[in-house]
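Input: a single structure, listed below in C-alpha coordinates.
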Amino acid sequence: MTDATLRGKAAIIGIGESTYYRHGQSPDSDMALALTAVRAACADAGIDAADLDGFCSYSMQHVGPIRLAAALGLRELRFSVLQWEGGGAGMAAAVSNAAMAVATGQADYVVAMRSIVQSDGARYGQMGGGANEVSGERAFLAPYGIGPAGQMFAFKYMRWMHEHGGVGLDAQKAVSLASYHHAQQNPRAVRHGRPLTPEAYDESRMIVEPWRLFDYCQENDGAAALILTSPERARAAPHAPVYLLGAAQGVDGGYGRAVYNSRDYPTSGFTPVAPRLWDMAKVGPGDVDVVQSYENFTGAVVMSLVEHGFCAGEEVDEFLTFENLVAPSGKLPLNTSGGNLAEAYIHGFNLAIEGVRQLRGDSVNQVPGANVAMVNGGPLAAPVTNLVLGTEATL
Amino acid sequence: VTTSEETTTAYVLPELAIPVPDPDGLDGPYWDAVRESRLVVQRCASCDAWQWGPEWACYECGAANPGWEEVPTGPGGTYEGEIYSWERVWHPAAPQLKDAVPYVILMVGLPTAGDVRMVGNLVGDQQAPIEIGRPVRAVFEHHDRFTLVQWELT
(Lines give C-alpha, C1' and ligand atoms only; values in the text may rest on other atoms or scores of the structure.)
Protein backbone atom coordinates (compact mmCIF):
# COMPACT_ATOMS: atom_id res chain seq x y z
CA MET A 1 0.00 0.00 0.00
CA THR A 2 1.65 3.21 -1.08
CA ASP A 3 -1.52 5.23 -1.43
CA ALA A 4 -2.40 6.63 2.00
CA THR A 5 -6.12 6.57 1.55
CA LEU A 6 -9.10 4.46 2.50
CA ARG A 7 -11.32 6.02 -0.16
CA GLY A 8 -13.49 3.32 -1.69
CA LYS A 9 -11.41 0.54 -0.11
CA ALA A 10 -13.98 -0.69 2.39
CA ALA A 11 -17.76 -0.97 2.38
CA ILE A 12 -20.45 -1.30 4.99
CA ILE A 13 -22.74 -4.17 4.10
CA GLY A 14 -24.74 -4.79 7.25
CA ILE A 15 -26.26 -2.82 10.10
CA GLY A 16 -27.97 -4.07 13.23
CA GLU A 17 -29.34 -2.72 16.48
CA SER A 18 -30.99 -3.95 19.62
CA THR A 19 -34.02 -2.25 21.06
CA TYR A 20 -32.95 0.99 22.71
CA TYR A 21 -33.95 1.54 26.34
CA ARG A 22 -33.76 4.20 29.00
CA HIS A 23 -30.68 3.68 31.18
CA GLY A 24 -30.96 0.71 33.46
CA GLN A 25 -34.15 -0.50 31.76
CA SER A 26 -32.76 -3.18 29.49
CA PRO A 27 -34.06 -6.64 30.41
CA ASP A 28 -30.98 -8.05 28.69
CA SER A 29 -27.30 -7.89 29.53
CA ASP A 30 -24.82 -5.91 27.45
CA MET A 31 -23.58 -9.23 26.02
CA ALA A 32 -27.08 -10.29 25.01
CA LEU A 33 -27.71 -6.89 23.43
CA ALA A 34 -24.40 -7.09 21.57
CA LEU A 35 -25.28 -10.52 20.20
CA THR A 36 -28.66 -9.24 19.06
CA ALA A 37 -27.11 -6.30 17.23
CA VAL A 38 -24.32 -8.32 15.61
CA ARG A 39 -26.66 -11.13 14.53
CA ALA A 40 -29.02 -8.54 13.05
CA ALA A 41 -26.12 -6.98 11.16
CA CYS A 42 -25.09 -10.40 9.82
CA ALA A 43 -28.62 -11.10 8.64
CA ASP A 44 -28.73 -7.68 7.01
CA ALA A 45 -25.39 -8.36 5.31
CA GLY A 46 -26.44 -11.84 4.18
CA ILE A 47 -23.50 -13.54 5.89
CA ASP A 48 -23.14 -16.21 8.51
CA ALA A 49 -21.79 -15.00 11.85
CA ALA A 50 -19.14 -17.71 11.57
CA ASP A 51 -17.68 -15.73 8.66
CA LEU A 52 -16.91 -12.75 10.87
CA ASP A 53 -13.23 -12.45 11.72
CA GLY A 54 -12.74 -9.10 13.41
CA PHE A 55 -14.17 -6.66 15.96
CA CYS A 56 -13.51 -2.98 16.48
CA SER A 57 -14.89 -0.74 19.18
CA TYR A 58 -13.78 2.19 21.33
CA SER A 59 -12.92 2.87 24.94
CA MET A 60 -15.39 1.93 27.66
CA GLN A 61 -16.61 -1.07 25.64
CA HIS A 62 -17.07 -3.83 28.20
CA VAL A 63 -18.05 -6.83 26.11
CA GLY A 64 -14.93 -7.90 24.26
CA PRO A 65 -13.94 -9.76 21.10
CA ILE A 66 -12.88 -13.08 22.64
CA ARG A 67 -16.23 -13.64 24.27
CA LEU A 68 -18.13 -12.40 21.24
CA ALA A 69 -16.13 -14.64 18.90
CA ALA A 70 -16.93 -17.69 20.99
CA ALA A 71 -20.63 -16.89 21.35
CA LEU A 72 -21.04 -16.08 17.67
CA GLY A 73 -19.21 -19.19 16.52
CA LEU A 74 -16.38 -17.54 14.63
CA ARG A 75 -13.96 -19.95 12.98
CA GLU A 76 -11.07 -17.60 13.72
CA LEU A 77 -10.64 -14.15 15.18
CA ARG A 78 -8.07 -12.29 13.11
CA PHE A 79 -8.40 -8.65 14.12
CA SER A 80 -9.48 -6.84 17.29
CA VAL A 81 -8.76 -3.18 17.91
CA LEU A 82 -10.07 -0.80 20.54
CA GLN A 83 -9.67 2.90 19.78
CA TRP A 84 -7.44 4.34 22.52
CA GLU A 85 -8.93 7.07 24.78
CA GLY A 86 -11.69 9.55 24.13
CA GLY A 87 -14.67 7.47 25.25
CA GLY A 88 -17.51 7.92 22.77
CA ALA A 89 -15.29 10.17 20.68
CA GLY A 90 -13.78 7.04 19.18
CA MET A 91 -17.05 6.05 17.53
CA ALA A 92 -16.09 6.88 13.94
CA ALA A 93 -12.62 5.40 14.41
CA ALA A 94 -14.18 2.06 15.33
CA VAL A 95 -15.50 2.09 11.76
CA SER A 96 -12.35 3.40 10.11
CA ASN A 97 -10.06 1.04 12.05
CA ALA A 98 -12.24 -1.82 10.79
CA ALA A 99 -11.97 -0.33 7.30
CA MET A 100 -8.18 -0.33 7.57
CA ALA A 101 -8.29 -4.02 8.44
CA VAL A 102 -10.39 -5.04 5.46
CA ALA A 103 -8.62 -2.65 3.07
CA THR A 104 -5.25 -4.20 3.91
CA GLY A 105 -6.48 -7.77 3.92
CA GLN A 106 -6.01 -8.31 7.65
CA ALA A 107 -9.56 -9.58 7.96
CA ASP A 108 -12.54 -10.18 5.69
CA TYR A 109 -15.66 -9.27 7.67
CA VAL A 110 -15.09 -6.91 10.59
CA VAL A 111 -17.74 -5.77 13.04
CA ALA A 112 -17.62 -2.23 14.41
CA MET A 113 -19.88 -1.89 17.42
CA ARG A 114 -20.94 -0.60 20.82
CA SER A 115 -23.04 -2.25 23.51
CA ILE A 116 -23.89 -0.61 26.81
CA VAL A 117 -26.00 -1.36 29.85
CA GLN A 118 -25.75 1.16 32.66
CA SER A 119 -26.04 -0.26 36.11
CA ASP A 120 -27.81 1.86 38.71
CA GLY A 121 -24.53 2.92 40.28
CA ALA A 122 -23.07 4.25 37.08
CA ARG A 123 -25.00 7.35 36.13
CA TYR A 124 -22.87 9.56 33.91
CA GLY A 125 -23.90 12.77 35.65
CA GLN A 126 -22.84 11.85 39.17
CA MET A 127 -19.59 12.42 41.03
CA GLY A 128 -20.08 9.70 43.60
CA GLY A 129 -20.98 10.08 47.23
CA GLY A 130 -18.16 10.18 49.75
CA ALA A 131 -15.30 12.64 49.87
CA ASN A 132 -12.59 10.32 48.60
CA GLU A 133 -8.97 11.18 48.06
CA VAL A 134 -8.13 12.33 44.55
CA SER A 135 -4.72 12.96 43.04
CA GLY A 136 -3.18 13.94 39.74
CA GLU A 137 -5.22 16.18 37.45
CA ARG A 138 -8.44 15.23 39.26
CA ALA A 139 -7.10 16.92 42.40
CA PHE A 140 -7.23 20.26 40.58
CA LEU A 141 -10.81 19.74 39.39
CA ALA A 142 -12.97 17.55 41.63
CA PRO A 143 -12.73 19.68 44.81
CA TYR A 144 -14.15 22.60 42.81
CA GLY A 145 -17.22 20.62 41.77
CA ILE A 146 -16.04 19.34 38.41
CA GLY A 147 -16.87 15.69 37.85
CA PRO A 148 -19.38 14.90 35.14
CA ALA A 149 -18.67 15.76 31.53
CA GLY A 150 -20.98 18.79 31.49
CA GLN A 151 -18.91 20.47 34.18
CA MET A 152 -15.72 19.58 32.32
CA PHE A 153 -16.82 21.11 29.06
CA ALA A 154 -19.31 23.94 29.57
CA PHE A 155 -16.34 26.33 29.93
CA LYS A 156 -15.39 25.54 26.38
CA TYR A 157 -18.63 26.58 24.82
CA MET A 158 -18.80 29.64 27.04
CA ARG A 159 -15.38 30.74 25.78
CA TRP A 160 -16.19 29.75 22.19
CA MET A 161 -19.33 31.89 22.20
CA HIS A 162 -17.34 34.80 23.64
CA GLU A 163 -14.74 34.54 20.87
CA HIS A 164 -17.42 34.48 18.18
CA GLY A 165 -19.29 37.61 19.14
CA GLY A 166 -21.62 36.07 21.68
CA VAL A 167 -23.47 33.81 19.24
CA GLY A 168 -24.39 30.17 19.84
CA LEU A 169 -27.38 29.94 22.16
CA ASP A 170 -29.94 29.92 19.32
CA ALA A 171 -27.89 27.42 17.32
CA GLN A 172 -27.59 24.94 20.17
CA LYS A 173 -31.31 25.18 20.81
CA ALA A 174 -31.98 24.42 17.13
CA VAL A 175 -29.79 21.30 17.36
CA SER A 176 -31.91 20.04 20.23
CA LEU A 177 -35.24 20.83 18.57
CA ALA A 178 -34.20 19.21 15.28
CA SER A 179 -33.13 16.01 17.03
CA TYR A 180 -36.39 15.73 18.95
CA HIS A 181 -38.33 16.50 15.77
CA HIS A 182 -36.61 13.67 13.93
CA ALA A 183 -37.20 11.26 16.80
CA GLN A 184 -40.95 11.71 16.47
CA GLN A 185 -40.79 9.87 13.12
CA ASN A 186 -38.51 7.16 14.53
CA PRO A 187 -40.17 4.31 16.42
CA ARG A 188 -36.75 3.13 17.66
CA ALA A 189 -36.20 6.43 19.41
CA VAL A 190 -36.51 6.44 23.18
CA ARG A 191 -37.98 9.94 22.90
CA HIS A 192 -40.49 8.90 20.23
CA GLY A 193 -43.86 10.29 21.25
CA ARG A 194 -42.17 12.91 23.44
CA PRO A 195 -41.96 16.00 21.22
CA LEU A 196 -40.03 19.03 22.42
CA THR A 197 -41.43 22.51 21.86
CA PRO A 198 -39.29 25.65 21.82
CA GLU A 199 -41.11 26.76 24.97
CA ALA A 200 -40.39 23.52 26.79
CA TYR A 201 -36.73 23.86 25.85
CA ASP A 202 -36.61 27.41 27.19
CA GLU A 203 -38.30 26.37 30.42
CA SER A 204 -36.19 23.28 31.00
CA ARG A 205 -33.91 23.37 34.00
CA MET A 206 -30.39 24.64 33.71
CA ILE A 207 -27.84 21.93 34.43
CA VAL A 208 -24.58 23.81 33.87
CA GLU A 209 -24.82 27.22 32.26
CA PRO A 210 -24.94 27.55 29.29
CA TRP A 211 -26.50 24.07 29.00
CA ARG A 212 -30.03 23.06 29.88
CA LEU A 213 -31.49 19.60 30.29
CA PHE A 214 -32.30 19.29 26.59
CA ASP A 215 -28.78 20.28 25.57
CA TYR A 216 -27.61 16.97 27.03
CA CYS A 217 -27.61 13.52 25.48
CA GLN A 218 -29.68 10.85 27.15
CA GLU A 219 -28.42 7.86 29.11
CA ASN A 220 -29.46 4.59 27.50
CA ASP A 221 -28.99 0.86 27.21
CA GLY A 222 -28.60 -0.76 23.82
CA ALA A 223 -26.27 -2.06 21.16
CA ALA A 224 -25.51 -1.15 17.58
CA ALA A 225 -23.22 -2.84 15.09
CA LEU A 226 -22.22 -2.66 11.49
CA ILE A 227 -20.14 -4.94 9.27
CA LEU A 228 -17.39 -3.86 6.92
CA THR A 229 -15.80 -5.81 4.13
CA SER A 230 -13.80 -5.26 0.98
CA PRO A 231 -15.52 -3.70 -2.04
CA GLU A 232 -15.13 -7.01 -3.90
CA ARG A 233 -16.96 -9.02 -1.23
CA ALA A 234 -19.50 -6.22 -0.80
CA ARG A 235 -20.91 -6.82 -4.25
CA ALA A 236 -22.50 -10.04 -3.05
CA ALA A 237 -24.39 -8.30 -0.24
CA PRO A 238 -28.18 -7.95 -0.45
CA HIS A 239 -28.11 -4.17 0.19
CA ALA A 240 -26.32 -1.57 -1.86
CA PRO A 241 -22.89 -1.20 -0.21
CA VAL A 242 -22.09 2.06 1.52
CA TYR A 243 -18.47 3.03 0.92
CA LEU A 244 -15.99 4.72 3.17
CA LEU A 245 -14.84 7.81 1.28
CA GLY A 246 -12.78 9.34 4.04
CA ALA A 247 -11.85 9.00 7.67
CA ALA A 248 -9.65 10.86 10.10
CA GLN A 249 -8.89 10.84 13.79
CA GLY A 250 -6.73 12.78 16.20
CA VAL A 251 -6.50 16.20 17.80
CA ASP A 252 -4.03 19.06 18.11
CA GLY A 253 -0.92 17.84 19.88
CA GLY A 254 -1.30 20.42 22.62
CA TYR A 255 -4.94 19.60 23.34
CA GLY A 256 -4.13 17.52 26.38
CA ARG A 257 -2.10 20.09 28.29
CA ALA A 258 -3.18 19.54 31.86
CA VAL A 259 -5.96 21.30 33.77
CA TYR A 260 -7.60 22.86 30.71
CA ASN A 261 -4.49 24.58 29.38
CA SER A 262 -4.97 23.20 25.85
CA ARG A 263 -2.92 25.08 23.29
CA ASP A 264 -6.04 25.90 21.27
CA TYR A 265 -8.64 25.80 24.01
CA PRO A 266 -12.00 26.80 22.55
CA THR A 267 -12.32 24.04 19.96
CA SER A 268 -14.16 20.75 19.93
CA GLY A 269 -11.00 19.06 18.65
CA PHE A 270 -11.72 18.85 14.92
CA THR A 271 -9.69 21.86 13.77
CA PRO A 272 -6.73 19.83 12.45
CA VAL A 273 -8.75 16.65 11.83
CA ALA A 274 -11.52 17.91 9.53
CA PRO A 275 -9.20 19.03 6.68
CA ARG A 276 -7.66 15.56 6.59
CA LEU A 277 -11.13 14.05 6.31
CA TRP A 278 -12.11 16.21 3.35
CA ASP A 279 -8.74 15.61 1.65
CA MET A 280 -9.17 11.85 1.75
CA ALA A 281 -12.85 11.90 0.84
CA LYS A 282 -12.27 14.25 -2.10
CA VAL A 283 -15.46 16.08 -1.17
CA GLY A 284 -16.07 19.19 0.90
CA PRO A 285 -18.75 20.28 3.30
CA GLY A 286 -20.79 21.65 0.41
CA ASP A 287 -21.08 18.14 -1.06
CA VAL A 288 -22.54 16.60 2.09
CA ASP A 289 -26.23 15.67 1.92
CA VAL A 290 -26.75 14.69 5.55
CA VAL A 291 -24.75 14.98 8.77
CA GLN A 292 -24.71 12.71 11.82
CA SER A 293 -22.80 14.67 14.43
CA TYR A 294 -22.14 13.26 17.91
CA GLU A 295 -24.02 15.15 20.56
CA ASN A 296 -22.79 14.90 24.09
CA PHE A 297 -23.89 18.53 24.34
CA THR A 298 -25.66 20.63 21.71
CA GLY A 299 -23.11 23.42 21.86
CA ALA A 300 -20.40 20.93 21.02
CA VAL A 301 -22.29 19.98 17.85
CA VAL A 302 -22.26 23.64 16.86
CA MET A 303 -18.49 23.74 17.34
CA SER A 304 -18.03 20.50 15.37
CA LEU A 305 -20.03 21.77 12.41
CA VAL A 306 -18.07 25.02 12.32
CA GLU A 307 -14.76 23.19 12.52
CA HIS A 308 -15.84 20.96 9.63
CA GLY A 309 -16.50 24.08 7.55
CA PHE A 310 -20.29 23.95 7.26
CA CYS A 311 -20.53 27.61 8.29
CA ALA A 312 -18.48 30.31 9.97
CA GLY A 313 -18.55 30.58 13.73
CA GLU A 314 -20.14 34.01 13.65
CA GLU A 315 -22.98 32.71 11.43
CA VAL A 316 -24.19 29.81 13.53
CA ASP A 317 -27.36 31.41 14.82
CA GLU A 318 -28.42 32.31 11.26
CA PHE A 319 -27.39 29.07 9.55
CA LEU A 320 -27.92 26.37 12.15
CA THR A 321 -31.65 26.93 12.44
CA PHE A 322 -34.38 24.37 13.00
CA GLU A 323 -35.53 24.80 9.39
CA ASN A 324 -32.04 24.14 8.02
CA LEU A 325 -31.35 21.17 10.29
CA VAL A 326 -34.46 19.09 9.60
CA ALA A 327 -35.02 16.51 6.87
CA PRO A 328 -36.12 16.45 4.16
CA SER A 329 -36.11 20.14 3.35
CA GLY A 330 -33.26 21.64 5.38
CA LYS A 331 -29.99 22.77 3.89
CA LEU A 332 -28.05 20.62 6.38
CA PRO A 333 -30.23 17.80 7.74
CA LEU A 334 -28.69 16.80 11.07
CA ASN A 335 -29.02 13.71 13.26
CA THR A 336 -31.97 12.38 11.34
CA SER A 337 -32.70 9.46 13.68
CA GLY A 338 -32.89 11.77 16.68
CA GLY A 339 -29.29 10.96 17.53
CA ASN A 340 -27.85 10.78 21.01
CA LEU A 341 -30.28 13.41 22.25
CA ALA A 342 -33.56 11.80 21.27
CA GLU A 343 -33.03 8.37 19.68
CA ALA A 344 -30.60 6.82 22.14
CA TYR A 345 -27.15 7.48 23.50
CA ILE A 346 -25.36 4.40 22.26
CA HIS A 347 -22.20 6.47 22.60
CA GLY A 348 -22.88 7.71 19.09
CA PHE A 349 -22.80 4.40 17.29
CA ASN A 350 -26.45 4.79 16.31
CA LEU A 351 -25.32 7.86 14.36
CA ALA A 352 -23.09 5.69 12.15
CA ILE A 353 -25.99 3.31 11.54
CA GLU A 354 -28.21 6.23 10.56
CA GLY A 355 -25.58 7.50 8.13
CA VAL A 356 -25.71 4.12 6.36
CA ARG A 357 -29.48 4.09 6.40
CA GLN A 358 -29.61 7.50 4.72
CA LEU A 359 -27.35 6.31 1.90
CA ARG A 360 -29.50 3.21 1.41
CA GLY A 361 -32.58 5.42 1.23
CA ASP A 362 -34.05 3.73 4.31
CA SER A 363 -34.22 6.48 6.93
CA VAL A 364 -37.49 7.40 8.57
CA ASN A 365 -36.40 10.99 7.89
CA GLN A 366 -34.95 10.35 4.46
CA VAL A 367 -33.04 13.09 2.69
CA PRO A 368 -34.05 12.60 -0.95
CA GLY A 369 -31.22 11.29 -3.11
CA ALA A 370 -28.62 11.38 -0.34
CA ASN A 371 -25.24 10.28 -1.68
CA VAL A 372 -22.76 11.68 0.83
CA ALA A 373 -23.04 11.48 4.62
CA MET A 374 -20.65 12.86 7.21
CA VAL A 375 -20.47 11.16 10.61
CA ASN A 376 -18.39 12.39 13.50
CA GLY A 377 -17.54 11.25 16.98
CA GLY A 378 -16.16 13.38 19.73
CA PRO A 379 -16.54 16.51 20.18
CA LEU A 380 -14.59 17.93 23.15
CA ALA A 381 -13.50 14.47 24.26
CA ALA A 382 -10.50 13.46 22.17
CA PRO A 383 -9.06 12.00 20.03
CA VAL A 384 -12.00 13.05 17.86
CA THR A 385 -12.88 10.91 14.86
CA ASN A 386 -14.93 11.27 11.70
CA LEU A 387 -16.08 9.61 8.49
CA VAL A 388 -17.43 10.47 5.10
CA LEU A 389 -19.64 7.74 3.67
CA GLY A 390 -20.85 7.58 0.08
CA THR A 391 -23.00 5.57 -2.28
CA GLU A 392 -21.50 3.75 -5.25
CA ALA A 393 -22.24 6.81 -7.37
CA THR A 394 -19.66 8.81 -5.40
CA LEU A 395 -16.72 6.47 -6.06
CA VAL B 1 8.81 34.97 49.67
CA THR B 2 5.49 36.72 49.48
CA THR B 3 2.72 35.47 51.71
CA SER B 4 -0.72 36.60 50.67
CA GLU B 5 -2.97 37.79 53.44
CA GLU B 6 -5.97 36.76 51.42
CA THR B 7 -7.40 33.74 53.14
CA THR B 8 -10.90 32.62 53.92
CA THR B 9 -12.42 30.37 56.51
CA ALA B 10 -15.74 29.89 54.73
CA TYR B 11 -15.81 27.14 52.14
CA VAL B 12 -17.42 27.79 48.77
CA LEU B 13 -18.33 24.11 48.48
CA PRO B 14 -18.57 21.29 50.99
CA GLU B 15 -15.73 18.80 50.82
CA LEU B 16 -16.38 16.76 47.70
CA ALA B 17 -13.00 15.19 47.25
CA ILE B 18 -9.81 15.37 49.25
CA PRO B 19 -6.94 16.45 47.01
CA VAL B 20 -3.67 14.74 47.86
CA PRO B 21 -0.28 15.16 46.21
CA ASP B 22 0.35 12.83 43.31
CA PRO B 23 2.24 9.82 44.68
CA ASP B 24 4.72 10.22 41.82
CA GLY B 25 5.82 13.58 43.24
CA LEU B 26 4.80 15.71 40.28
CA ASP B 27 2.71 18.33 42.05
CA GLY B 28 4.00 18.25 45.65
CA PRO B 29 5.51 21.77 45.50
CA TYR B 30 2.10 23.23 44.61
CA TRP B 31 0.25 21.54 47.45
CA ASP B 32 2.96 22.51 49.94
CA ALA B 33 2.94 26.16 48.81
CA VAL B 34 -0.81 26.67 48.97
CA ARG B 35 -0.79 25.44 52.59
CA GLU B 36 1.32 28.58 53.22
CA SER B 37 -0.99 30.77 51.09
CA ARG B 38 1.57 30.97 48.32
CA LEU B 39 0.73 30.31 44.68
CA VAL B 40 3.36 28.54 42.58
CA VAL B 41 3.25 27.06 39.11
CA GLN B 42 5.84 25.36 37.00
CA ARG B 43 8.44 27.33 35.07
CA CYS B 44 10.88 25.82 32.63
CA ALA B 45 14.55 26.41 33.45
CA SER B 46 15.48 26.00 29.80
CA CYS B 47 13.02 28.26 28.00
CA ASP B 48 11.42 30.30 30.84
CA ALA B 49 7.90 29.24 29.83
CA TRP B 50 5.34 29.25 32.63
CA GLN B 51 3.33 26.06 32.83
CA TRP B 52 0.09 24.85 34.35
CA GLY B 53 -1.04 22.13 35.02
CA PRO B 54 1.98 20.26 36.13
CA GLU B 55 3.80 17.84 33.86
CA TRP B 56 7.17 16.10 33.85
CA ALA B 57 8.16 17.96 30.70
CA CYS B 58 7.92 21.52 29.44
CA TYR B 59 5.04 21.82 26.98
CA GLU B 60 6.90 24.50 25.03
CA CYS B 61 10.44 23.14 24.63
CA GLY B 62 10.21 19.58 25.88
CA ALA B 63 12.87 19.98 28.58
CA ALA B 64 12.48 17.53 31.44
CA ASN B 65 11.34 18.43 34.94
CA PRO B 66 10.26 22.07 34.82
CA GLY B 67 10.97 23.85 38.09
CA TRP B 68 8.56 25.78 40.28
CA GLU B 69 8.21 29.52 40.69
CA GLU B 70 5.93 31.76 42.67
CA VAL B 71 3.38 33.64 40.61
CA PRO B 72 4.36 37.34 40.76
CA THR B 73 1.88 39.27 42.88
CA GLY B 74 0.21 42.54 41.98
CA PRO B 75 0.54 45.92 43.72
CA GLY B 76 -1.66 44.85 46.62
CA GLY B 77 0.46 41.79 47.29
CA THR B 78 -2.25 39.48 45.98
CA TYR B 79 -2.22 37.03 43.12
CA GLU B 80 -4.18 38.58 40.30
CA GLY B 81 -6.03 36.90 37.50
CA GLU B 82 -8.55 37.50 34.77
CA ILE B 83 -11.63 35.41 34.04
CA TYR B 84 -10.94 33.37 30.90
CA SER B 85 -14.15 31.34 31.01
CA TRP B 86 -16.79 30.33 33.53
CA GLU B 87 -19.80 28.14 34.17
CA ARG B 88 -22.54 28.09 36.75
CA VAL B 89 -23.59 24.67 38.00
CA TRP B 90 -27.27 24.27 38.92
CA HIS B 91 -27.53 20.49 39.05
CA PRO B 92 -26.03 18.89 42.18
CA ALA B 93 -23.89 16.04 40.87
CA ALA B 94 -23.15 14.71 44.36
CA PRO B 95 -25.34 14.47 47.47
CA GLN B 96 -23.15 17.01 49.32
CA LEU B 97 -23.89 19.59 46.64
CA LYS B 98 -27.65 19.54 47.13
CA ASP B 99 -27.61 22.74 49.18
CA ALA B 100 -24.59 24.24 47.44
CA VAL B 101 -26.08 24.91 44.01
CA PRO B 102 -25.82 27.12 42.12
CA TYR B 103 -22.08 27.53 42.26
CA VAL B 104 -19.69 29.18 39.84
CA ILE B 105 -16.51 27.60 38.54
CA LEU B 106 -13.99 29.91 36.90
CA MET B 107 -11.11 29.44 34.55
CA VAL B 108 -8.69 32.18 35.50
CA GLY B 109 -5.76 33.35 33.39
CA LEU B 110 -2.69 34.61 35.26
CA PRO B 111 -1.23 37.56 33.33
CA THR B 112 1.91 37.67 35.50
CA ALA B 113 2.65 34.00 34.80
CA GLY B 114 2.40 33.65 31.05
CA ASP B 115 -1.43 33.56 31.04
CA VAL B 116 -1.53 30.01 32.32
CA ARG B 117 -5.07 29.09 33.39
CA MET B 118 -6.22 27.80 36.76
CA VAL B 119 -9.59 26.39 37.75
CA GLY B 120 -11.34 27.44 40.95
CA ASN B 121 -14.60 28.58 42.43
CA LEU B 122 -15.93 32.08 42.69
CA VAL B 123 -15.98 33.39 46.27
CA GLY B 124 -19.05 35.47 47.07
CA ASP B 125 -22.42 35.84 45.36
CA GLN B 126 -22.88 32.74 43.21
CA GLN B 127 -25.55 34.45 41.15
CA ALA B 128 -23.49 37.54 40.38
CA PRO B 129 -23.21 38.38 36.69
CA ILE B 130 -19.92 37.01 35.40
CA GLU B 131 -18.03 38.46 32.46
CA ILE B 132 -15.05 37.03 30.66
CA GLY B 133 -12.11 39.38 31.17
CA ARG B 134 -13.09 40.53 34.67
CA PRO B 135 -10.22 40.83 37.12
CA VAL B 136 -10.15 38.50 40.11
CA ARG B 137 -7.70 37.74 42.89
CA ALA B 138 -6.75 34.52 44.59
CA VAL B 139 -8.13 33.59 47.98
CA PHE B 140 -6.75 30.63 49.94
CA GLU B 141 -9.41 28.33 51.34
CA HIS B 142 -7.73 26.31 54.08
CA HIS B 143 -9.31 23.00 55.00
CA ASP B 144 -8.00 20.67 57.71
CA ARG B 145 -5.93 18.59 55.31
CA PHE B 146 -5.55 20.70 52.20
CA THR B 147 -5.90 24.17 50.73
CA LEU B 148 -7.91 25.21 47.69
CA VAL B 149 -7.20 28.33 45.67
CA GLN B 150 -10.40 30.25 45.04
CA TRP B 151 -11.09 33.57 43.32
CA GLU B 152 -12.97 36.72 44.18
CA LEU B 153 -13.99 39.59 41.94
CA THR B 154 -11.95 42.77 42.37
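We name chains A, B, ... by the order of the sequence lines, and we start the count at 1 in each one.
- Per-residue heavy-atom pair counts under 4.5 Å with chain B were compared for G145(A), P210(A), G150(A), A142(A), and the maximum is reached by G145(A).
- Summarising the geometry of W86(B) relative to M158(A), their closest heavy-atom pair is O-CG, 3.3 Å, with the distance given to 0.1 Å.
- The contact between P54(B) and chain A is made by backbone and side chain atoms together, counting heavy-atom distances below 4.5 Å.
- Counting heavy atoms from C-beta on, the side chains of F140(A) and M118(B) never come closer than 4.5 Å.
- Within the 4.5 angstrom heavy-atom criterion, only side-chain atoms of D27(B), from C-beta onward, approach chain A.
- The pair R257(A)-E60(B) meets the salt-bridge criterion, since a charged nitrogen lies less than 4.0 angstrom from a carboxylate oxygen.
- Between Y144(A) and Y103(B), the distance from one ring center to the other does not fall under 6.0 angstrom.
- Within the model, atoms OH of Y260(A) and CD1 of I105(B) stand 8.0 Å from one another, a figure rounded to the nearest 0.5 Å.
- Y84(B) carries R159(A) over the face of its six-membered ring, with the cationic atom under 6.0 Å from the centre and within 45° of the normal.
- Using a 4.5 Å cut-off between heavy atoms, V149(B) touches chain A through backbone and side chain atoms alike.
- For the atom pair OH of Y157(A) and CD of E87(B), the computed distance is 15.0 Å after rounding to the nearest 0.5 Å.
- Here CZ of R88(B) is found 14.0 Å from CD of Q151(A). Values are rounded to the nearest 0.5 Å.
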Begin from the C-alpha positions of V119(B) and I146(A) and carry the test side-chain contact (heavy atoms from CB on, under 4.5 Å) through to its verdict. CA-CA 10 Å; V119(B) 171; I146(A) 299 176; 3.5 Å; yes
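- Only the side chain of L97(B) has a heavy atom closer than 4.5 Å to any heavy atom of chain A.
- Between P143(A) and L16(B), the closest side-chain pair of non-hydrogen atoms is not below 4.5 Å.
- With a threshold of 4.5 angstrom between heavy atoms, P148(A) approaches chain B through side-chain atoms but not through N, CA, C or O.
- Using a 4.5 Å cut-off between heavy atoms, Y59(B) contacts chain A through both its backbone and its side chain.
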